[in-house]
Amino acid sequence: MKTKLLPSLTLVAFALTATATIGGHRTFPKKQTGALTPVVKSIFDNYLKIESALANESAVGIGFNASAIGSAVRADSLKMFPLKVAKQAEILAGTRNLSSAREAFKPLSKSLIQYLADHNITRPYVEVYCPIVKASWIQKDKKINNPYMGGSMRSCGTIKQKPGASQSDCQLTDNERNQV
């Protein structure tokens, strides 16, 4: 009887240890390695669509993409983003004009920039800062496309070396300097 009981107890102990390890103890590294998770990629893809719409003086798709961000954050079982990101996205989704959308875009941008900095993600995203509106945003390329100023000063902004780095002055074209 002893010979049959020992393997059974060993198996039960192993199963309990595995269950406790898998189910109850999760840690998330600050550094993101490899490809972005599908949820993170989805959030940033929707964010970039909003950024592009604002830079091009269009409200088309802002509500849809902001709602998609909120839904993705709330549905994420790993809780990669704090719930405040979902709330910020939902506020943006509820805006009714470009001016209020641009204001609601600022805190969402700040939160997503913080995510990039916390997880040491530098590619494929760049952070751009505009001192005129005292706000940053994220974009994929280095051709500045300011979502806060739109057509009036589309190229106003300075690309930061790394997301979350200190802010520097805006580099304006001669034409834009004359408009300020």
Side-chain angles (χ1 to χ4, degrees), residues 30-32 35-37 39-70 72-73 80-82 84-180:
K30 279 276 191 185
K31 184 175 182 178
Q32 176 94 24
L36 298 175
T37 66
V39 171
V40 173
K41 184 173 179 348
S42 168
I43 288 168
F44 280 97
D45 286 350
N46 283 295
Y47 172 89
L48 291 172
K49 290 174 186 173
I50 297 167
E51 180 268 328
S52 179
L54 290 172
N56 290 309
E57 302 286 343
S58 173
V60 175
I62 291 175
F64 175 82
N65 289 298
S67 292
I69 291 171
V73 169
M80 296 293 290
F81 294 89
K84 78 175 185 176
V85 173
K87 292 175 184 170
Q88 292 165 342
E90 289 159 0
I91 290 169
L92 177 57
T95 60
R96 299 289 172 236
N97 58 55
L98 285 175
S99 178
S100 60
R102 286 180 168 130
E103 280 305 309
F105 190 66
K106 289 177 184 180
L108 178 62
S109 294
K110 187 175 181 178
S111 292
L112 295 183
I113 289 165
Q114 187 63 52
Y115 179 87
L116 293 177
D118 287 349
H119 292 83
N120 201 26
I121 300 170
T122 55
R123 292 186 183 168
Y125 308 107
V126 294
E127 178 185 351
V128 185
Y129 176 74
C130 178
I132 294 173
V133 295
K134 295 179 176 52
S136 293
W137 71 93
I138 301 164
Q139 58 183 46
K140 268 194 164 179
D141 58 26
K142 293 191 176 192
K143 182 180 180 221
I144 295 172
N145 201 21
N146 191 322
Y148 301 115
M149 304 298 286
S152 67
M153 295 179 70
R154 187 176 317 277
S155 63
C156 177
T158 301
I159 294 175
K160 294 187 178 185
Q161 295 300 322
K162 185 176 179 183
S166 65
Q167 294 152 349
S168 58
D169 291 333
C170 183
Q171 297 172 352
L172 302 174
T173 64
D174 289 335
N175 186 32
E176 290 169 339
R177 268 190 213 91
N178 293 333
Q179 293 178 9
V180 176

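Quantities reported herein were computed from a predicted structural model and do not represent experimental measurements.
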One pair to check against side chain to side chain contact (heavy atoms under 4.5 Å, CB included): T122 and L116. What are the steps and the verdict?
CA-CA 7 Å; T122 55; L116 293 177; over 6 Å; no
W137 side chain reached by C130 side chain, heavy atoms, under 4.5 Å
yes
In Å and rounded to the nearest 0.5 Å, what is the NZ to CD1 distance from K110 to I138?
13.0 Å
Taking all heavy atoms of R123 and all of I121, pick out the closest pair and write down the distance.
O-CG2, 3.5 Å
Shortest non-hydrogen separation from I144 to G157 and the atoms involved
CD1-O, 2.9 Å
Smallest heavy-atom separation, G63 atom then A93 atom, equals O-CB, 3.6 Å
Rounded to the nearest 0.5 Å, how far does CD1 of I159 lie from NZ of K143?
11.5 Å
Given side chain to side chain contact (heavy atoms under 4.5 Å, CB included), test F105 with I62 step by step and report yes or no.
CA-CA 10 Å; F105 190 66; I62 291 175; over 6 Å; no
Under the 3.5 angstrom rule, does the side chain of S152 hit a backbone N or O of M149 as a donor-acceptor pair?
yes
Side-chain contact test, heavy atoms from C-beta onward, threshold under 4.5 Å: evaluate it for I50 versus L54 and give yes or no.
yes
Can you measure from CD1 (I113) to OG (S136) and round to the nearest 0.5 angstrom?
4.5 Å
What heavy-atom pair brings V73 and P82 nearest, and what distance separates the two atoms?
CG1-O, 3.7 Å
Answer yes if the ring centres of Y47 and Y115 are under 6.0 angstrom apart, and no otherwise.
no
Can you list the residues that meet the side-chain hydrogen bond (donor to acceptor under 3.5 Å, both in side chains) rule with S58, with sequence neighbours excluded?
none
Would you say S67 and E90 make side-chain contact, with heavy atoms under 4.5 Å?
no
For the residue pair L48 and Y125, establish whether any side-chain heavy-atom pair is separated by less than 4.5 Å.
yes
Do the non-hydrogen side-chain atoms of V85 and K87 ever get within less than 4.5 Å of each other?
no
Please check if any side-chain donor atom of D45 sits under 3.5 Å from a side-chain acceptor atom of S42, or the reverse.
no
Worked verdict on Y148 versus S109 for side chain to side chain contact (heavy atoms under 4.5 Å, CB included):
CA-CA 11 Å; Y148 301 115; S109 294; 3.4 Å; yes
Which pair of heavy atoms, one from V39 and one from A72, lies closest together, and at what distance?
CG1-O, 4.0 Å
Min side-chain heavy-atom separation R154-N145 under 4.5 Å:
yes
Flag side-chain contact, heavy atom, 4.5 Å: V128 against T158
no
Please identify each residue that fulfils side chain to side chain contact (heavy atoms under 4.5 Å, CB included) with E103, with sequence neighbours left out.
K106
Determine, stepwise, if the pair K134 / Y129 fulfils side chain to side chain contact (heavy atoms under 4.5 Å, CB included).
CA-CA 7 Å; K134 295 179 176 52; Y129 176 74; 4.0 Å; yes
Short side-chain donor-acceptor distance under 3.5 Å, S111 and Q88
yes
Might you point out which heavy atoms bring A104 and I91 nearest each other, and give the distance in Å?
CB-CG2, 4.2 Å
Strictly below 4.0 Å, N to O, side chains only: are R102 and E51 in salt-bridge contact?
no
Does any N or O in the side chain of N65 come within less than 3.5 Å of the main-chain N or O of K49, such that one atom is a donor and the other an acceptor?
no
So do E57 and L98 actually touch side chain to side chain, heavy atoms under 4.5 Å?
yes
